[in-house]
Amino acid sequence: MNTVPHFLEYADFLIETIKSSSVDVLLVSGDVFDRAVPPLDALEAYETTMARVLDTGAVAVLTSGNHDSHQRLGVGRRLMESSGLYIRTSLSDIERPVVLGDDGDRTVVYGIPYLEPALVSGVFDTSRTHSAVLNAAIGRILAHRAQHCPDHTAIVMAHGFIAGAEPSESERSIEIGGVGRAEADLFTWADYAALGHLHRPQTVAPNVRYSGSPLPYSFSEAGTDKLMWLYDTRSGAIDSVTIPEILPIASLTGSVEELLVKAPDYQDHAIEVRLTNTTVPQGALDSLRKAFPQLLSVQWINLVQTTAPRGRKKETIDDAEVFAQFCRAAAGRSPSESERELFANAMQWAQERTR
């Protein structure tokens, strides 16, 4: 599903919030994109939105997440700083804070890009865990702050899974056997920690927060308010701004017949259906796709596995018939001759390479 139009609708709300709340700096702690090589329309939406942010007079600080290509996102980052766009994507950026404000009210923003332990643990001389490499990065920041800006308000940005937070179904796992978790205590020294990776907005500690994603990316996020956090460096106050529901989602459970009756109420929703039929009705999926324009996922949760009567020899079904049954269940029709031929060629190709 192409979410770029929905993101641009969110961008309108973001710009209005920056103006109405007199926001000085926008923090985006990754992911900037949802893949390492984003499509052209996503790149154009990013460029347009950042230009609109800078036009308000605010500056923006971005760090790369685990979905981003830090090399691609970081191209030209030093050239962009004169315009007010600060991008932090490499280890050398960790000790290069963004300094904001005037002499009487300075704030420093330290941006930590996503740190893949397998790639950076050798540089830091640590074990290959997220906790260890984040500890090392924080150590560098604390040393830099003590030497250069001990009295400035300090904000730290990081991307990862902090213990005590609640994930959704859509985040790409960075955890194997617990090594993906880091402790919230790593960030409590800062006046504020803006975290990225998890899609639900949440508070891990009073000054350590995830804003989450502006749009939902899994059906587990249905019913979850999307938020942005406003942090006031002078008072220390933290307020939430609720993002309007731009991309409504719903997970529906019932029989095909029951769900078709509900369809008129969900024409603008991205839909997941969990079907309770014990058998697959003829043309079921085709009917559901027509009824729900944004149907994204179908699960059969009660299908009954039929078995041959005891004592009767089970009939074997060849691959072509299995393919035909699949087409009838998925598309409500038998495969065409060209589709049968294509399937047969594919099966022959696979068999030749597994002999």
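Of the listed residues (His70, His130, His197, His67), just one forms a ring pair (Phe, Tyr, Trp, His ring centres under 6.0 Å) with Tyr114, and that residue is His130. Paired with His199 under the rule ring pair (Phe, Tyr, Trp, His ring centres under 6.0 Å), one option of Tyr210, Phe161, Tyr217 passes, and it is Tyr217. Each of Leu85, Thr49, Leu14 was compared with Leu26 under the side chain to side chain contact (heavy atoms under 4.5 Å, CB included) criterion, and only Leu14 meets it.
Using modelled atom types, one finds no donor on one side chain facing an acceptor on the other under 3.5 Å when comparing Thr224 with Glu221. Between Gln202 and Glu166, the side chains place no donor N or O within less than 3.5 Å of an acceptor N or O (distance only, hydrogens not considered).
Contact of the Thr126 side chain with the Pro117 side chain is not registered, since no non-hydrogen atoms from C-beta on lie closer than 4.5 Å.
If you chain together ILVMFWY residues whose side-chain heavy atoms come under 4.5 Å of each other, Met157 ends up grouped with Val25, Leu27, Val59, Val61, Tyr86, Val98, Leu100, Val109, Ile155, Tyr192, Leu227, Trp229, Tyr231, Ile238.
In terms of the salt bridge (Lys or Arg N to Asp or Glu O under 4.0 Å) criterion, residue partners of Arg96 (sequence neighbours excluded) are, by chain and number, Glu81, Asp93. Partners of Asp286 under the salt bridge (Lys or Arg N to Asp or Glu O under 4.0 Å) rule, at least two apart in sequence or in another chain, are Lys290. With sequence neighbours excluded, no residue satisfies salt bridge (Lys or Arg N to Asp or Glu O under 4.0 Å) with Asp102. Contacts of His148 classified as ring pair (Phe, Tyr, Trp, His ring centres under 6.0 Å), with partners at least two apart in sequence or in another chain: His144. Applying the side-chain hydrogen bond (donor to acceptor under 3.5 Å, both in side chains) criterion to Ser336, with sequence neighbours excluded, gives Ser338, Glu339.
Here the side chain of Thr89 pairs no donor or acceptor atom with the backbone of Leu73 at under 3.5 angstrom. Remark: the backbone N or O of Asn66 is paired with a side-chain donor or acceptor of Asp31 at under 3.5 angstrom. Judged by distance alone, the side chain of Thr203 and the main-chain N or O of Ala205 form no donor-acceptor pair under 3.5 Å. In terms of modelled atom types and a separation under 3.5 Å, the side chain of Arg200 and the main chain of Ser211 share no donor-acceptor contact. Side-chain atoms of Ser29 do not come within 3.5 Å of backbone N or O of His159 as any donor-acceptor pair. Side chain of Thr56 to backbone of Val53: a donor-acceptor contact under 3.5 angstrom is found. Side-chain atoms of Asp105 do not come within 3.5 Å of backbone N or O of Gly101 as any donor-acceptor pair. A donor-acceptor contact shorter than 3.5 Å links the side chain of Asp232 to the backbone of Ser235. With hydrogens and angles disregarded, no donor-acceptor distance shorter than 3.5 Å links the side chain of Arg88 to the backbone of Ile112. With hydrogens and angles disregarded, no donor-acceptor distance shorter than 3.5 Å links the side chain of Thr48 to the backbone of Ala45.
The line from CD1 of Ile249 to OG of Ser218 is 6.5 Å long, rounded to the nearest 0.5 Å. Leu247 contributes atom CG, which lies 10.0 Å from atom OG of Ser213 (distance to the nearest 0.5 angstrom). Note: Leu119 CG to Leu91 CG = 9.5 Å, rounded to the nearest 0.5 Å. In this structure, CZ in Phe13 is found 6.5 Å from CD1 in Ile243, a value given to the nearest 0.5 Å. Expressed to the nearest 0.5 Å, how far CZ of Phe292 lies from CD of Glu272 amounts to 12.0 Å. Rounded to the nearest 0.5 angstrom, Asp191 CG and Thr107 OG1 are separated by 8.0 Å.
Relative orientation of the His269 and Tyr266 rings is perpendicular, given thresholds of 30° and 60° on the angle between their planes.
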Report the C-alpha separation of Phe187 and Asn207 in whole Å, then their side-chain angles, then the decisive distance to 0.1 Å, and conclude whether the side chain to side chain contact (heavy atoms under 4.5 Å, CB included) test is met. CA-CA 8 Å; Phe187 305 100; Asn207 65 325; over 6 Å; no
Please walk me through it: do Trp189 and Ile141 pass side chain to side chain contact (heavy atoms under 4.5 Å, CB included)? CA-CA 11 Å; Trp189 59 270; Ile141 289 173; 3.7 Å; yes
Between Ser297 and Arg274, is the side-chain hydrogen bond (donor to acceptor under 3.5 Å, both in side chains) condition met? List the steps. CA-CA 8 Å; Ser297 174; Arg274 304 176 75 245; over 6 Å; no
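Remark: Glu183 CD is loosely packed, at most 12 non-hydrogen atoms of other residues, nucleotides or ligands lying under 6.0 Å away. Heavy-atom contacts from other residues, nucleotides or ligands closer than 6.0 Å to CG of Asn2 number more than 12. Other residues, nucleotides and ligands contribute more than 12 heavy atoms inside 6.0 Å of the CG atom of Asp55.
Ionic pairing of Glu245 and Lys226 is not present here: no N-O contact between side-chain nitrogen and carboxylate oxygen is shorter than 4.0 angstrom. Between Asp12 and Arg52 there is a salt bridge, since a side-chain N of the basic residue sits under 4.0 Å from a carboxylate O of the acidic one.
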